[in-house]
Undergrad: 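Before we start, here is the structure in question, set down as structure tokens.
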Amino acid sequence: MTVDTPLTQPATGPVGATASRPAAAPRPAAPRPAAPRDGAARRAELAAFLRSRRERITPEQVGLPRGARRRTPGLRREEVAHLGAVGVTWYTWLEQARDIHVSPQVLDAVARALLLDRAERSHLFALAGAIDPTPGTECTGVTRALRQMLCQLEPFPAVLQNSRFDILAYNATYGRLMCDLDALPEEDRNCMWLAFTHPEWRASVVDLDATMRVMAAKFRASMAEHVAEPAWKALVARLTEASSEFREIWAQHEVIRPMSSVKLFRHPRVGTLQLSATSLWTGPNPGPKLLSYTPVDEVTRERLELLATEAAEAARSARSAESPALVTV
């Protein structure tokens with residue numbers, strides 16, 4: 001006789017238990033937790049924020065050529081990706097509000113490529129739901145307060161520049177100290193470039209050879225933290241092609257050399273100026289700094305006042321032609 005095997009097996013119980021019960025019916029699969037309601041809104045806000053930051057930056061600010069057929073305001077997406085060393089598709093998906101995971105390292109690279117200041121950087125990481133690996137990092141944005149400080153330092157020359165020697169903003173006196181900065185294209189407003197290639201700028205510096213060597217040494221020391229960044233490499237390539245003096249100095253791999261803080265300038269109209277240079281860092285890390293020049297003697301003070309008057313007159317003329325006296329690059 002054949003005995004059918006029961007369809008249900010005894011339930012497992014404590015050792016020695018003799019009772020059995022049918023197996024419980026399988027439970028339905030638990031529904032997947034829904035994505036946070038604000039996820040899509042955060043991604044949309046992040047995408048809009050990135051686009052707005054990208055569109056405000058000129059190619060010249062990051063060492064890129066403008067080109068004749070540029071229609072996009074600011075930078076292109078592929079240029080931001082290139083500057084940040086991230087994938088073009090990945091960055092494009094961010095601006096399209098795609099649901100993707102972005103590492104803090106990628107966000108850090110994007111923040112640097114877009115020159116975000118501390119508040120903007122914090123906002124970026126908050127929208128992405130990520131923890132900033134280097135909180136408090138300052139990028140190269142120029143605040144309204146810094147612009148006001150530059151103006152208030154008149155008649156003393158003052159400039160805001162980053163560690164790459166890019167001239168980010170300056171007051172009217174500085175704009176006339178070594179050459180007419182307002183007349184230069186934005187891509188040429190870099191102290192390294194001017195010191196090695198601009199005749200009027202070079203003629204104004206009394207000890208040009210020492211100045212060039214110190215600048216190149218400081219540039220190389222700063223570049224150690226930016227060695228893979230396109231804007232830094234582009235400037236070195238441009239200087240290498242344009243200046244034999246730069247090629248010779250750069251090949252010596254000097255890192256830094258002490259130099260007196262007193263600078264001597266020859267101005268074609270007001271004469272020789274003896275100025276004491278003071279640097280004020282604008283953030284917690286070496287980067288953008290406010291560099292001001294104060295007169296060493298009374299003669300220089302009087303000549304600076306003449307230069308400031310000349311600069312103010314030029315600024316008034318520029319304003320009448322809708323060109324501001326204080327330029328932010």
Undergrad: Between K263 and D207, does at least one N-O distance fall below 4.0 Å, as a salt bridge requires?
TA: no
Undergrad: Would E45 and R42 pass as an ion pair if we require N to O under 4.0 Å?
TA: no
Undergrad: Flag the pair L307 / L177 as yes when at least one side-chain heavy-atom distance between them is below 4.5 Å, and no otherwise.
TA: yes
Undergrad: Show the nearest heavy-atom pair for residues A97 and A47, with the distance to one decimal.
TA: N-CB, 3.9 Å
Undergrad: Tell me, yes or no, whether the heavy-atom count around I131 atom CD1, taken from other residues, nucleotides or ligands under 6.0 Å, exceeds 12.
TA: no
Undergrad: Identify the heavy atoms of N171 and E154 that sit nearest to each other, and give their distance.
TA: CB-OE2, 3.3 Å
Undergrad: How close do R189 and Y170 get, counting heavy atoms only, and between which atoms?
TA: CZ-OH, 4.1 Å
Undergrad: Output the distance between atom NE2 (H123) and atom CG (L127), rounded to the nearest 0.5 Å.
TA: 4.0 Å
Undergrad: Mind checking what makes side chain to side chain donor-acceptor pair (under 3.5 Å) contact with S204, not counting sequence neighbours?
TA: none
Undergrad: Write down the atom of R98, the atom of R43, and the distance for their closest heavy-atom approach.
TA: O-CD, 3.2 Å
Undergrad: I'd like to check L184 versus L194 (side-chain heavy atoms, cut-off strictly below 4.5 Å). Are they in contact?
TA: yes
Undergrad: Would you give the length of the straight line joining atom CG of N190 to atom CG of D166, rounded to the nearest 0.5 angstrom?
TA: 5.0 Å
Undergrad: Are the side chain of R121 and the backbone N or O of L116 linked by a donor-acceptor pair below 3.5 Å?
TA: no
Undergrad: Roughly how far, to the nearest 0.5 Å, is the CG atom of D132 from the CG atom of D108?
TA: 7.0 Å
Undergrad: Spell out, as yes or no, whether a donor-acceptor pair under 3.5 Å connects the side chain of R220 to the backbone of W250.
TA: yes
Undergrad: Report the distance from atom CD of Q96 to atom CG of L50, rounding to the nearest 0.5 Å.
TA: 12.0 Å
Undergrad: Suppose we screen for side-chain contact (heavy atoms from CB on, under 4.5 Å). Which residues come up paired with S52, at least two apart in sequence or across chains?
TA: F49
Undergrad: Does the pair F156 and S292 meet the rule for a side-chain contact (heavy atoms from CB on, under 4.5 Å), with working shown?
TA: CA-CA 7 Å; F156 300 158; S292 63; 5.7 Å; no
Undergrad: Which atom pair, heavy atoms only, marks the closest approach of A158 to L153?
TA: CB-CD1, 3.6 Å
Undergrad: For L124 and L114, what are the C-alpha separation, side-chain angles and deciding distance, and is it a side-chain contact (heavy atoms from CB on, under 4.5 Å)?
TA: CA-CA 11 Å; L124 171 69; L114 293 176; over 6 Å; no
Undergrad: Find out whether S163 and F219 are in side-chain contact, i.e. whether some heavy atom of one side chain is under 4.5 Å from a heavy atom of the other.
TA: no
Undergrad: Within the 3.5 Å criterion, strictly below it, is a donor on D297 or Q274 matched to an acceptor on the partner's side chain?
TA: yes
Undergrad: Between H267 and R303, is there a side-chain donor-acceptor contact under 3.5 Å, judged purely by atom types and distance?
TA: no
Undergrad: Would you call E95 and R54 a salt bridge, taking side-chain N to carboxylate O under 4.0 Å as the test?
TA: yes
Undergrad: What's the shortest heavy-atom distance between L150 and A169, and which atoms?
TA: CD1-CB, 3.7 Å
Undergrad: On the 0 to 90° scale, with breaks at 30° and 60°, tag the Y293-Y174 ring pair as parallel, tilted or perpendicular.
TA: parallel
Undergrad: Would you compute the distance between atom CD of E79 and atom CD1 of I57 and round it to the nearest 0.5 angstrom?
TA: 10.5 Å
Undergrad: Taking the side chain as every heavy atom from C-beta outward, state whether L273 and P295 have any pair of such atoms under 4.5 Å apart.
TA: no
Undergrad: Which residues, ordered by chain and number, are linked to V206 in its hydrophobic cluster, where ILVMFWY side chains connect at heavy-atom gaps below 4.5 Å, directly or through other members?
TA: L264
Undergrad: Please name all residues satisfying salt bridge (charged side-chain N to carboxylate O under 4.0 Å, His left out) with D209, sequence neighbours left out, ordered by chain then number.
TA: R213
Undergrad: Do V110 and V102 come close enough that some side-chain heavy atom pair is under 4.5 Å?
TA: no
Undergrad: Go through the structure and list residues passing side-chain contact (heavy atoms from CB on, under 4.5 Å) with L280, not counting sequence neighbours.
TA: T278, L290
Undergrad: Looking at residues at least two apart in the chain, or sitting in another chain, which of them share a side chain to side chain donor-acceptor pair (under 3.5 Å) with R53?
TA: E120
Undergrad: What verdict does the salt bridge (Lys or Arg N to Asp or Glu O under 4.0 Å) test give for K218 and E254, after you've listed the backbone C-alpha separation in whole Å, the side-chain angles of each residue and the deciding distance to 0.1 Å?
TA: CA-CA 9 Å; K218 289 181 177 179; E254 296 176 346; over 6 Å; no
Undergrad: As a quick check of understanding, evaluate side-chain contact (heavy atoms from CB on, under 4.5 Å) for R269 and E310, giving each step before the final call.
TA: CA-CA 10 Å; R269 286 176 295 281; E310 177 185 296; 3.0 Å; yes
Undergrad: Under 6.0 Å between ring centres, would you say that holds for W193 and F165?
TA: no
Undergrad: Between M223 and K233, is there a side-chain heavy-atom distance shorter than 4.5 Å?
TA: yes
Undergrad: Within the 4.5 Å heavy-atom criterion, are M192 and R164 side-chain neighbours or not?
TA: no
Undergrad: Does the plane of the ring in W93 sit parallel, tilted or perpendicular to the ring in W90? Use 30° and 60° as the thresholds.
TA: tilted
Undergrad: How far does CG of L181 sit from CH2 of W201, to the nearest 0.5 angstrom?
TA: 5.5 Å
Undergrad: Do L275 and T294 come close enough that some side-chain heavy atom pair is under 4.5 Å?
TA: no
Undergrad: Are V88 and V86 in one and the same hydrophobic cluster, where Ile, Leu, Val, Met, Phe, Trp and Tyr link if side-chain heavy atoms are under 4.5 Å apart?
TA: no
